[in-house]
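Notes for the one structure printed next.
Computed from heavy atoms alone, side chains included, the values below leave out hydrogens, waters and symmetry copies. Remember, predicted model here, so these are calculated numbers, not experimental data.
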Amino acid sequence: MNRHRTALSVLLSAGALVAGVLTAATPSTAADTPTSFRPQQTQGFWTAERMRAATPLDVTAVPGAARTAVAASAAPTAIAPTAASSAVSPTAFPQAGGAWTGGGAVVKTSGRVFFTMGGRTASCSGNSITSANGSTVMTAGHCVKYQGAWHTNWVFVPAYDNGSAPYGQWPATKTFATDQWAASEDMNMDVGLAVVAPLNGQTLSQAVGAQGVLFNGGYNKKMYSFGFPAAAPYDGTKLVYCSGNSGKDFLLTKDHSLGCNMTGGSSGGPWFQDFNEATGLGTQVSVNSFGYTFLPNRMYGPYFGNEAKAAYDKAQAS
């Protein structure tokens with residue numbers, strides 16, 4: 001989870017740091033914009049040991065940060081999921097945080113995100129979403145760019161399993177963020193995306209499926225949140241979920257709010273409304289973004305409005 005504080009300082013778990021092989025960023029090309037980046041990739045970089053040891057990215061929020069106006073909502077825009085999956089048994093609702101044992105499509109579309117940041121390895125979460133290119137991952141903005149720098153060695157590992165990658169490692173060819181996150185790391189707009197290269201002749205959605213997306217869908221919905229928290233008491237080995245009736249942040253942002261105890265590393269994991277426990281399919285409307293230090297066991301996720309839709313359109317057309 002991304003926990004934001006005024007100075008946006010990263011909290012690093014003790015003993016979790018691994019020195020990364022820091023290499024120069026790939027120069028921008030004419031096709032790049034200030035809101036996108038072509039991350040450098042080092043072949044074979046993400047070993048099982050390095051993935052297990054990657055620092056879970058976590059940022060916290062305290063009072064006093066400036067509010068930023070959010071554009072007025074527009075008509076809802078929905079993108080349907082790519083495929084269904086086999087039926088499973090339902091799980092508990094509401095849920096403040098527990099291992100997802102239901103199976104279904106979400107097990108394959110959700111995964112861990114790994115990258116190099118400031119000379120260290122770090123982790124977040126992400127989700128395969130339906131897109132024109134069939135190769136788009138949705139995550140948090142701080143999981144692609146943080147403290148003014150774009151991350152390198154960025155890979156998505158769907159269905160991550162304690163160091164193994166059952167569906168492979170999918171390196172990003174380009175990462176994106178909302179204009180507002182790229183420019184000033186505005187917490188209202190903490191939305192990032194990555195376009196990943198085909199693997200073994202398949203696009204990401206062909207290999208693992210993809211969830212639907214909804215923009216301008218409104219507030220106060222029945223929500224399910226997923227991620228791979230890696231900071232204590234979690235260890236990054238399991239897909240964890242929270243569920244409940246969501247609200248709206250009344251403090252620093254216009255984000256969704258959900259009772260959830262997920263920790264660092266869950267940042268970028270998907271929030272679904274209309275989630276079907278039997279199929280593991282839902283409509284993604286947010287990502288795990290941050291929490292307040294003085295409000296434990298509460299997660300916040302950005303509202304997918306026109307700004308997130310614009311970033312999504314750039315990514316799916318890439």
Side-chain angles (χ1 to χ4, degrees), residues 1-4 8-22 39-42 44-60 97 99-100 109-128 137-147 149-172 175 177 190 192-194 196 225-241 260-270 287-291 299 301:
M1 182 172 71
N2 171 359
R3 298 186 171 268
H4 170 253
L8 280 178
S9 58
V10 181
L11 305 179
L12 303 176
S13 298
L17 296 181
V18 171
V21 180
L22 186 62
Q40 154 145 24
Q41 301 291 344
T42 303
F45 181 83
W46 288 108
T47 62
E49 292 75 18
R50 193 166 265 150
M51 287 192 290
R52 290 191 187 101
T55 300
L57 189 55
D58 187 22
V59 185
T60 51
W100 176 255
T109 64
S110 296
R112 289 190 76 180
V113 168
F114 297 96
F115 48 87
T116 300
M117 181 189 76
R120 300 184 176 99
T121 59
S123 72
C124 279
S125 300
N127 181 58
S128 172
V137 176
M138 185 77 81
T139 187
H142 68 274
C143 297
V144 295
K145 183 181 184 182
Y146 189 65
Q147 295 183 332
W150 293 90
H151 307 323
T152 58
N153 289 318
W154 200 103
V155 300
F156 176 59
V157 183
Y160 174 87
D161 184 15
N162 193 24
S164 70
Y167 296 95
Q169 297 181 3
W170 297 74
T175 51
D190 187 17
L193 302 104
V196 296
S225 168
F226 290 83
F228 285 83
Y234 299 104
D235 59 8
T237 61
K238 300 180 182 68
L239 178 62
V240 173
Y241 84 106
C260 186
N261 68 7
M262 279 197 266
T263 59
S266 67
S267 291
V287 295
N288 298 323
S289 178
F290 77 96
M299 178 86 76

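The backbone N or O of Val196 sits nowhere less than 3.5 Å from a side-chain atom of Trp154 that would complete a donor-acceptor pair. The closest donor-acceptor contact from the side chain of Asn153 to the backbone of Phe114 lies at 3.5 Å or more, if one exists at all. Counting only distance, with no hydrogens or angles, the side chain of His142 and the backbone of Gly192 share no donor-acceptor pair below 3.5 Å. With Asp190 contributing its side chain and Gly141 its backbone, the two residues share a donor-acceptor pair below 3.5 Å. A donor-acceptor distance shorter than 3.5 angstrom exists from the side chain of Asn288 to the backbone of Ser266, with no hydrogens or angles considered. The backbone N or O of Gly163 sits less than 3.5 Å from a side-chain atom of Tyr160, completing a donor-acceptor pair.
Contact record, Thr263 with Ala232: CG2-O, 3.4 Å, taken as the closest heavy-atom pair. Counting all heavy atoms, side chain and backbone alike, Pro158 lies closest to Tyr167 at CG-CB, 4.0 Å. Considering every non-hydrogen atom in both Ser267 and Ala140, the closest pair reads C-CB, 4.4 Å. In terms of heavy atoms, Val144 sits closest to Leu193 at CG1-O, 3.9 Å. The heavy-atom pair separating Ala194 from Ala172 by the smallest distance is CB-CB, 4.1 Å. Of all heavy-atom pairs between Met262 and Ser225, the closest is CE-OG, 3.3 Å.
In this structure, Met138 and Val287 have side chains that are in contact, with non-hydrogen atoms separated by less than 4.5 Å. Taking the side chain as every heavy atom from C-beta outward, Asn261 and Tyr234 approach each other to under 4.5 Å. Annotation: side chain of Phe115 is in contact with side chain of Cys124 (closest heavy-atom distance under 4.5 Å). In this structure, Trp170 and Val157 have side chains that are not in contact, with every pair of non-hydrogen atoms separated by 4.5 Å or more. Counting heavy atoms from C-beta outward, Ser125 and Phe226 have side chains that stay 4.5 Å or more apart.
Rounded to the nearest 0.5 Å, atoms CZ (Arg112) and SG (Cys143) are 11.5 Å apart. Atom CZ of Phe228 sits about 8.5 Å away from atom CG of Asp161, to the nearest 0.5 Å.
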